[in-house]
2 protein chains.
Amino acid sequence: MEKQTVTIYDVAREAAVSMATVSRVVNGNPNVKPATRKKVLAVIERLDYRPNAVARGLASKRSTTVGVIIPDVTNIYFASLARGIDDIAMMYKYNIILTNSDDAGEQEVNVLNTLMAKQVDGIIFMGNHIDDKLRAEFKRAKAPVVLAGTVDPLNETPSVNIDYAAAVEETVTNLIKRGHKQIALALGSLTQSINAEYRLTGYKRALSKAKIAYDDSLVYEAGYSYDAGVKLQPVIADSGATAVFVGDDEMAAGIINASMESGIDVPNDLEVITSNDTIITQITRPAITSITQPLYDIGAVAMRMLTKLMNDKELDEKTVTLPYGIVRRASTKSVD
Amino acid sequence: MEKQTVTIYDVAREAAVSMATVSRVVNGNPNVKPATRKKVLAVIERLDYRPNAVARGLASKRSTTVGVIIPDVTNIYFASLARGIDDIAMMYKYNIILTNSDDAGEQEVNVLNTLMAKQVDGIIFMGNHIDDKLRAEFKRAKAPVVLAGTVDPLNETPSVNIDYAAAVEETVTNLIKRGHKQIALALGSLTQSINAEYRLTGYKRALSKAKIAYDDSLVYEAGYSYDAGVKLQPVIADSGATAVFVGDDEMAAGIINASMESGIDVPNDLEVITSNDTIITQITRPAITSITQPLYDIGAVAMRMLTKLMNDKELDEKTVTLPYGIVRRASTKSVD
DNA sequence: ATCGTTAATGAAATCGCTTTCATGAAAATA
DNA sequence: TATTTTCATGAAAGCGATTTCATTAACGAT
């Protein structure tokens with residue numbers, strides 16, 4: 001026995017008004033006599049009528065749903081952005097269709113297409129790399145796209161980020177000031193622009209300002225995981241580096257734990273700085289000095305921008321750069 | 001200039017067939033002559049036609065979307081389940097509408113209702129407590145609901161879990177065997193059934209089997225966070241407990257770090273065991289002994305069950321209990 | 001009392017698809 | 001060859017809302 005669904009038509013009949021009037025009441029259209037509104041609301045209550053969002057979406061061409069593409073929900077960094085996105089979305093009565101892309105180009109294009117098929121009103125994209133294929137998809141999408149915590153070197157798509165290059169430059173410069181000459185850089189793949197075109201750039205800038213020769217044997221492409229950090233540690237140890245900047249907190253934790261366990265003291269033998277200031281940085285011992293990012297806000301601001309675009313409003317600025325900070329913890333030596 | 005959308009009607013016209021035939025081709029209905037199929041596919045390709053999932057949903061009464069209610073995406077435990085859910089969902093061509101509930105009853109009911117309004121075909125619910133209000137909502141929903149990593153003491157709703165009580169009983173029994181008499185229990189709120197009716201039960205069972213009197217001053221209701229653990233640590237220290245079972249990994253990390261920093265050695269002065277075997281347990285020093293749960297699988301199995309229910313199939317078992325394990329790490333002493 | 005406005009409502013088209021049913025053609029059976 | 005089945009297809013009726021347009025009622029203003 002299927003549960004019977006109550007439609008707007010049922011309400012109209014019971015209330016002895018037209019569907020149009022019921023629709024007006026439901027949508028808060030002011031053009032309804034108070035008495036009529038009251039009558040309709042009573043029927044809605046009595047029948048327990050709930051508007052069908054799908055039908056509404058078809059008729060109005062707005063689904064009040066936005067697509068969110070995330071590399072992996074279990075990654076705390078992106079999950080934090082997602083939380084910001086969802087909170088603001090909810091505030092504006094949107095829902096989130098969340099899909100994991102694993103940062104894989106093909107998969108990203110796929111989910112983008114299924115999201116478009118679902119008629120999402122907008123899309124928030126998170127990932128480590130934007131290529132031409134993706135840009136092309138963004139363009140043909142009729143829904144606006146905003147990048148969160150994700151850089152497009154060509155700046156074609158609205159985005160919210162921090163200044164990754166400047167942040168890395170500043171931290172590396174700090175290390176140099178404290179006497180380090182051999183500073184390793186542990187990143188994800190250099191095919192990803194956030195690494196190749198931002199973090200690496202900041203690193204090189206710091207070196208060049210200090211007149212230190214760039215040595216690419218100190219730059220490592222590892223994965224973004226704890227185990228990747230553990231595996232990378234002996235390599236860093238062999239390189240003679242006395243400090244390392246790491247692109248991911250879990251990887252940094254792996255490096256720190258593996259170092260300490262092999263007798264290399266952090267920070268005395270190796271100083272470690274990481275990028276995302278997730279809870280991980282507080283949990284390790286020593287705790288990890290990190291660039292701080294307003295993770296939640298990056299997501300929240302991106303979603304706010306998207307709501308504007310979805311309502312055909314102009315954006316104040318297409319590329320929003322939120323402030324970053326640096327928080328010193330025990331994985332680096334104090335300056336004094 | 002709005003982007004023009006191509007509809008099934010356009011395809012039908014161009015291919016000189018009826019909409020019905022195009023629909024059959026798109027949906028893989030075998031009742032189409034190969035020649036016709038080919039012709040239609042060519043037009044679809046040429047016009048770059050993408051079926052509108054909203055229209056399809058309205059006509060077919062299936063949205064191929066499932067709702068997922070999660071306390072907080074940034075919680076690694078639940079995020080891990082969510083990942084399992086999404087992967088299986090994708091495998092079955094479903095999308096996920098993800099909403100954070102903050103474990104708050106009112107909010108949970110709200111999102112449940114907006115999900116139903118969106119005509120989701122099914123719902124996966126994660127949370128720490130199921131109450132009557134929620135059960136009532138589940139019942140009136142016309143879409144099936146499955147609980148993931150979430151217990152319903154009344155067993156009214158299909159669910160996937162491990163045997164929390166047995167797991168706690170086993171770990172606490174181990175502690176007792178190693179000579180502990182004062183074992184603290186650090187949980188979330190005792191208003192939540194997973195704590196009050198499962199973990200606490202297991203704890204009491206272990207004590208009673210060992211003829212140790214239950215002392216409720218050793219049971220603590222804290223939050224599920226790192227800071228909650230840090231705050232709770234001095235209280236545990238004062239209690240004279242020599243071991244503690246913790247309900248959340250981040251909280252356990254907080255207890256461990258705070259202990260070590262106040263001169264209480266883990267595991268020599270205090271043994272610590274936690275519940276969820278997330279990456280956190282490997283990152284702390286000492287690493288944390290933990291109950292192991294197949295997190296991803298809990299989500300994946302829940303989603304598989306949901307697909308069955310959505311296709312009106314019978315469930316082999318309404319309540320699935322996945323096996324748990326215990327992994328010893330450095331926060332407990334070896335047994336020998 | 002009359003006319004121009006504005007407010008309140010309903011009729012009906014529309015959104016883009018699925019699906020039932022009818023129908024004619026082709027294939028299989030007698 | 002006649003008859004029954006099966007196949008392939010199209011016409012058209014929904015699905016449950018929104019929205020445009022027309023219409024009538026009420027309201028001021030003159």
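Order of the sequence lines fixes the chain letters, A, B, ..., with proteins taken first and strands second; residue numbering starts at 1 for each chain.
Across every non-hydrogen atom of Ser101(B) and Ile69(B), the tightest pair is CB-CG2, 3.8 Å. A pairwise comparison of heavy atoms in Pro153(B) and Glu197(B) identifies CB-OE1, 3.2 Å as the closest pair. Listed here is the closest heavy atom pair of Ala82(A) and Ile70(A): CB-CD1, 4.1 Å.
Between Thr36(A) and dT9(C), a side-chain N or O to OP1/OP2 separation shorter than 4.0 Å is present. Taking side-chain N and O atoms only, Ser18(B) has a distance below 4.0 Å to OP1 or OP2 of dG10(D). Contact annotation: Lys61(B) does not reach the phosphate of dC17(C) (side-chain N/O to OP1 or OP2, under 4.0 Å).
Separation of atoms OG1 (Thr99(A)) and NZ (Lys118(A)) is listed at 10.5 Å; rounding is to 0.5 Å. For the atom pair CG (Asn95(B)) and NZ (Lys93(B)), the distance works out to 10.5 Å, reported to the nearest 0.5 Å.
The nearest whole Å value for the distance from the CG atom in Asn29(B) to the P atom in dT6(D) is 17 Å. Between the P atom of dC15(C) and the OH atom of Tyr9(B) lies a distance of 11 Å, rounded to the nearest Å. In this entry the distance linking NZ of Lys33(A) with P of dA26(D) reads 7 Å, nearest Å. Taking atom NZ on Lys142(B) and atom P on dC15(D), their separation rounds to 12 Å, with Å as the unit. Distance Lys38(B) NZ to dA8(D) P: 17 Å, rounded to the nearest Å.
The ring-ring contact (aromatic ring centres under 6.0 Å, His included) analysis of residues 91-135 of chain B, with sequence neighbours excluded, yields the pairs Phe125(B)-Phe138(B).
For Thr7(B), counting side-chain heavy atoms from C-beta on, the closest listed nucleotide (dC17(C), dT9(C), dT9(D)) is dC17(C). Side-chain atoms of Ala59(B) lie closest to dG16(C) of the nucleotides dG16(C), dA8(C), dG10(C).
By the side-chain contact (heavy atoms from CB on, under 4.5 Å) test, Gln119(B) is found to be paired with Asn52(A), Val54(A), Lys142(B), residues two or more places apart in sequence or in another chain being considered. Qualifying salt bridge (Lys or Arg N to Asp or Glu O under 4.0 Å) partners for Asp152(A), counting only residues two or more places apart in sequence or in other chains: Arg135(A).
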For a quick test of your reading: what N or O donor-acceptor pairs under 3.5 Å do the side chains of residues 294-306 of chain A make, sequence neighbours left out?
{"residue": "Tyr296(A)", "atom": "OH", "partner": "Asp87(A)", "partner atom": "OD2", "Å": "2.6"}

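Note on Ala12(A): nothing from the nucleic acid sits closer than 4.0 angstrom, heavy atoms only.
Using a 4.0 Å cut-off on heavy atoms, the residues of residues 20-28 of chain B that approach DNA chain C are Ala20(B), Ser23(B), Arg24(B), Asn27(B), listed by number. Scanning residues 41-58 of chain A for heavy-atom distances under 4.0 Å to DNA chain C yields Leu58(A).
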